[in-house]
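All values below were derived from every heavy atom in this structure, side-chain atoms included, with hydrogens, water molecules and symmetry-related copies excluded. In the text below, chain A, chain B and the rest are named by the order of the sequence lines, each starting its count at 1.
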Protein chains: 2
Amino acid sequence: MALLKNSALREASFTPLYKQIKSLILQSLNNGEWKPGESIPSEFELAKTFQVSQGTVRKAIDELAAENVLIRRQGKGTFVATHHEAKVRYRFLSLVSDHKVPKQRARSQVLKCERVVANLEQSKAFKIKVNSELVYIQRLLFLDECPTILDNIWLRADLFEGLDLNMLNKHKIPLYGLFETEFGVSMVRADDALKAVVADEEKANLLQVKVGTPLLQVYRTSYSYGDKPVELRQGFYLTDHYHYQNRLK
Amino acid sequence: MALLKNSALREASFTPLYKQIKSLILQSLNNGEWKPGESIPSEFELAKTFQVSQGTVRKAIDELAAENVLIRRQGKGTFVATHHEAKVRYRFLSLVSDHKVPKQRARSQVLKCERVVANLEQSKAFKIKVNSELVYIQRLLFLDECPTILDNIWLRADLFEGLDLNMLNKHKIPLYGLFETEFGVSMVRADDALKAVVADEEKANLLQVKVGTPLLQVYRTSYSYGDKPVELRQGFYLTDHYHYQNRLK
DNA sequence: TAGTGGTCTAGACCACGTT
DNA sequence: ACGTGGTCTAGACCACTAG
């Protein structure tokens, strides 16, 4: 794609230069040219390769940084966001302790990892054919050594070839970190839909509570670069000592 | 406050010009110089009054626009955000229908409006003295004519003098719109803490459901300009046909 | 046509981290 | 001392809205 500088023959199709630059950067990220944790070229270098001014590159990076796709570090450079750093490790885990101080520790226990076939709803969400293959994972998340979250997870099988119970149990890192490192899939955004439900027998057993205990049900769709949906989740959160925190602006 | 241009005698106290401009704008908003819905002076005018370049004013406004404090409209001007416009009327109502299409209609029924005394927790949250006076409101919100949300609301009495049951029942506008118009209090941000609970007898009666029905409990602290906390809320949401939606980035 | 916000440029200088 | 991102400026021009 050639850059369209403010030229003459546009007809109601104006796209700012910096948006085009942003797309090019996203494309490079998608192609794996720059990997999570690594630095991307400096603003001046990018300006030179794209044949635009540094300020224009800057504006493109500004937006990507606001979306947590890139991270700027003054004096050091601009880096591709990663789920591995301690600081952002639990970026997508909105559940926090009611007594904020004792920064909880998370441990995951994977119960199932199977290949399944996409139902109508799932195929719609992923924009793939019905009966396409998915990976289904069930796992329990312990916070401060208490079973607190029961997750049912579905992934596009074509993006996660080779993912199995063995691999999941071997790694001690958060799932999103594993996806990033082992499969080159970076989660950058997620949409959650929350409801209050009560625990049925299966969930009650797994979470070690009584049937009828209220649970926070969190349905999630996670997206990679370019709003590509790559994960569906049904989470059931025990909120006796934790709460889901959210900031509205 | 005089603007500190990049001068010599700073010692580890650097504050960018545009941040100072931002503070000045926020101050004007706080003083009620520019009211919600109105336009503020153009970027060039502000640049002239503040004796900086237009680009610097622009960056200040950019941040305030990102925080939904100001709204930019190309060709028209920059406006103070308001809760009255249809588009952003329910900005802070995260509950949406599961079948998104039939854009729900909200109706509020106020049950109580009393003066009460702040407990320890409330006085801490508001950063006021214990036993300070608060306004307590209990109301039921109907979505599509079904009782769906039970709200308990506490406000700083000194900011809401004259607020009573009569006034609340007279107005057909959302609460945050009323607060803005009648008391000059603009809500710009809120922190929600969510848990799953079950309905006790009182809540079950009011929401017309059985005791034991799971409810989404939403504790909220709302802030006005300058992160000033002005409202505490305990909401109980019926999530049989609605869900709390949230985007993670 | 005039006025507003939106884009783009080029250049200077500052703050921060590393060498 | 150098290279990075961060700030600030001045000016040109484009896109949108309204009179």
Review point. What are the two closest non-hydrogen atoms of B/Ser222 and B/Glu231, and how far apart are they?
Key: OG-OE1, 2.5 Å
Counting only side-chain nitrogens and oxygens, does [X] get under 4.0 Å of the OP1 or OP2 atom of [N]?
X: B/Thr78; N: C/dG5; result: yes
X: A/Thr56; N: C/dT9; result: yes
X: B/Lys59; N: D/dC8; result: no
X: A/Lys76; N: D/dG5; result: no

If I take atom [atom1] in residue [X] and atom [atom2] in nucleotide [N], what distance separates them, rounded to the nearest angstrom?
X: A/Gln74; N: C/dC13; atom1: CD; atom2: P; value: 18 Å
X: A/Phe79; N: C/dC16; atom1: CZ; atom2: C1'; value: 13 Å
X: A/Gln54; N: D/dG3; atom1: CD; atom2: P; value: 15 Å
X: A/Leu46; N: D/dT4; atom1: CG; atom2: P; value: 11 Å
X: B/Lys19; N: D/dC8; atom1: NZ; atom2: P; value: 11 Å
X: B/Glu43; N: C/dT7; atom1: CD; atom2: C1'; value: 12 Å
X: A/Leu70; N: D/dT4; atom1: CG; atom2: C1'; value: 15 Å
X: B/Ile71; N: C/dG5; atom1: CD1; atom2: P; value: 14 Å

Check your understanding: How long is the gap from CG on A/Leu194 to CG on B/Leu216, to the nearest 0.5 Å?
Key ->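 Taking CG in A/Leu194 and CG in B/Leu216, the distance rounds to 6.5 Å.
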Review point. When we call it a touch if two heavy atoms are under 4.0 Å apart, what does A/Arg73 touch: a base, just sugar-phosphate, or nothing?
Key: sugar-phosphate
Exercise for review: For B/Tyr18, report the nucleic acid contact type (base, sugar-phosphate, nothing); a contact means any heavy atom under 4.0 Å.
Suggested key: sugar-phosphate
Point to revise | Within-4.5 Å side-chain heavy-atom neighbours: B/Asp191 and A/Arg247 | key: yes
**Study point:** Residues A/Phe179, A/Leu155; criterion side-chain contact (heavy atoms from CB on, under 4.5 Å); working and verdict
**Key:** CA-CA 10 Å; A/Phe179 294 167; A/Leu155 303 162; 3.7 Å; yes
Review point. Any idea how B/His83 and B/Tyr176 line up, ring-wise: parallel (<30°), tilted (30 to 60°), or perpendicular (>60°)?
Key: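 Rings of B/His83 and B/Tyr176: tilted, as their planes differ by 30° to 60°.
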[X] has a side chain; which of [options] sits nearest to it?
X: A/Arg72; options: C/dG5, C/dT9, D/dG6; value: D/dG6
X: B/Ser42; options: C/dT4, C/dG6, D/dT17; value: C/dT4
X: A/Arg58; options: C/dT4, D/dG6, C/dT7; value: D/dG6
X: A/Pro16; options: C/dT7, D/dT4, C/dT9; value: C/dT7
X: A/Phe14; options: D/dT7, C/dT9, D/dA15; value: D/dA15
X: A/Ser53; options: D/dG5, D/dT9, C/dT9; value: C/dT9

Exercise for review: Check the side chains of A/Tyr18 and A/Asp62 for a donor-acceptor pair under 3.5 angstrom, ignoring hydrogens and angles.
Suggested key: no
**Study point:** Pairing nucleotide - D/dG19, Watson-Crick or G-U, each distance under 3.5 Å
**Key:** none
